[in-house]
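Data block below; observations after.
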Amino acid sequence: MAEGIPLARPVLGEAEERAVLEVLRSGQLSLGPRLAEFERGFAARVGAPLACAVSSGTAGLHLALRAVGVGEGDEVVTSPFSFVASANAALYERARPVFADIDPVTLNLDPAAAAAAVTERTRALLPVHIFGYPADLPAFERLARARDLAIVEDACEALGAVHADGVPVGARGHPAVFGFYANKQLTTGEGGMVTLADPALERRIDSERNQGRAPDMGWLDHDRLGFNYRLSDIACALGIAQLARLDEMLADRARVAGLYRAGLTGIEGLELPCPDEGGNTRGWFVFVVQLPDGVDRDETIRALARADIQSKPYLPAIHLMPFYRELMGYREGQFPVCEDVAARSLALPFFPAMRGGEVERVIEGLRSALARLTSAASV
Ligand SMILES: Cc1ncc(COP(=O)(O)O)c(C=O)c1O
């Protein structure tokens with residue numbers, strides 16, 4: 001019997017083991033030398049002037065929104081087609097996430113729809129580089145300048161992505177937030193990083209992640225409200241080891257994506273992730289397809305599971321989640337592109353060490369499920 005194929009699997013080797021062991025043996029498990037080393041290395045890799053490590057992407061989004069001044073009653077225009085944390089981060093500050101529809105090709109927040117959603121109360125734009133494809137930041141920067149808005153980028157899925165103008169995602173200057181959960185391009189188990197250019201914002205994020213302390217303060221001195229959003233030295237050591245192999249891991253993800261694209265192109269009605277266009281480069285994170293109209297997604301997932309292949313719907317529309325409907329009165333039909341994509345999208349197994357034979361098995365499993373279910377849908 002062939003082995004099961006999981007959705008994701010991190011690349012962890014001896015370098016990571018050694019790095020973590022060294023921290024354990026040093027006895028300094030938090031706020032040690034690995035923190036600054038990881039931040040410097042990450043900033044340099046992304047091409048950003050500054051970086052603050054935090055305990056998760058979610059924590060980074062929260063602190064970044066606070067840092068740019070988002071507070072109670074403000075509106076933050078963002079994408080309904082994202083992981084729920086990007087919208088939740090606004091709610092943490094009693095601000096209102098205001099959704100606008102997405103582009104049907106890139107699946108990123110549509111700049112024209114975002115512009116139409118801006119009101120007097122809008123304080124910030126929060127574009128998400130979904131599935132690692134660069135959002136149209138030049139357009140959002142024009143909108144932000146015209147309406148005097150801040151920008152926070154959710155780059156949690158987009159390490160390694162590059163904009164059409166050659167600027168890597170995370171290096172445009174406004175706070176950009178990366179996530180290091182175990183399925184990400186680089187993992188520290190849990191963790192995140194805010195890259196940015198403004199030293200004043202960096203100082204604020206540094207302090208607020210560390211219980212509101214300034215760098216020169218004692219352990220029990222606090223001059224502002226803060227959180228414990230620190231990233232441990234153990235996690236930072238893991239991150240440093242992962243950074244050293246990042247280029248290789250990204251290349252492997254791109255290789256797997258190429259195999260999927262070659263094997264899945266031409267299946268009637270099946271939509272694949274958009275290819276890089278106009279100079280934009282995706283930082284491959286997941287391989288998400290949209291099933292042909294009318295195909296039963298749950299049945300597709302069950303058919304793949306019978307072949308020991310994991311898959312999952314990815315992502316649900318945030319505005320249709322029960323608590324968003326209840327809290328903010330969102331309803332079906334408001335963001336039709338997002339709703340259509342969310343209803344048909346399916347994440348396939350995708351990780352750097354995936355072998356050609358495994359990709360082939362997924363392709364064959366999906367092909368045969370769709371052959372059966374497409375004819376069922378058309379009767
Ligand atoms: C688009 C997006 N935003 C935010 C997050 C939150 O990151 P974390 O899980 O590290 O808190 C994720 C992670 O899954 C994500 O994919």
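Counting convention: from 1, in listed order, for ligands and their atoms alike.
Within the structure, ring pair (Phe, Tyr, Trp, His ring centres under 6.0 Å) pairs that include any residue of residues 245-268 comprise Tyr260-Phe287 (at least two apart or interchain).
Contact residues for ligand 1 (protein heavy atom closer than 4.0 angstrom to any ligand atom): Ser56, Gly57, Thr58, Leu61, Ser82, Phe83, Ala85, Val128, Asp154, Cys156, Glu157, Lys184, Gly191.
The neighbour count for Arg94 CZ, taken as heavy atoms of other residues, nucleotides or ligands under 6.0 Å away, does not exceed 12.
Through ILVMFWY side-chain contacts below 4.5 Å, Tyr133 is grouped with nothing and stands alone. Other members of the cluster containing Tyr181 do not exist, because no ILVMFWY side chain is joined to it at under 4.5 Å.
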Salt bridge (charged side-chain N to carboxylate O under 4.0 Å, His left out) assessment of Glu339 paired with Arg331: CA-CA 11 Å; Glu339 289 168 31; Arg331 57 190 189 284; over 6 Å; no

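Between Glu153 and Arg172 no salt bridge is recorded (no basic side-chain N to carboxylate O distance below 4.0 Å).
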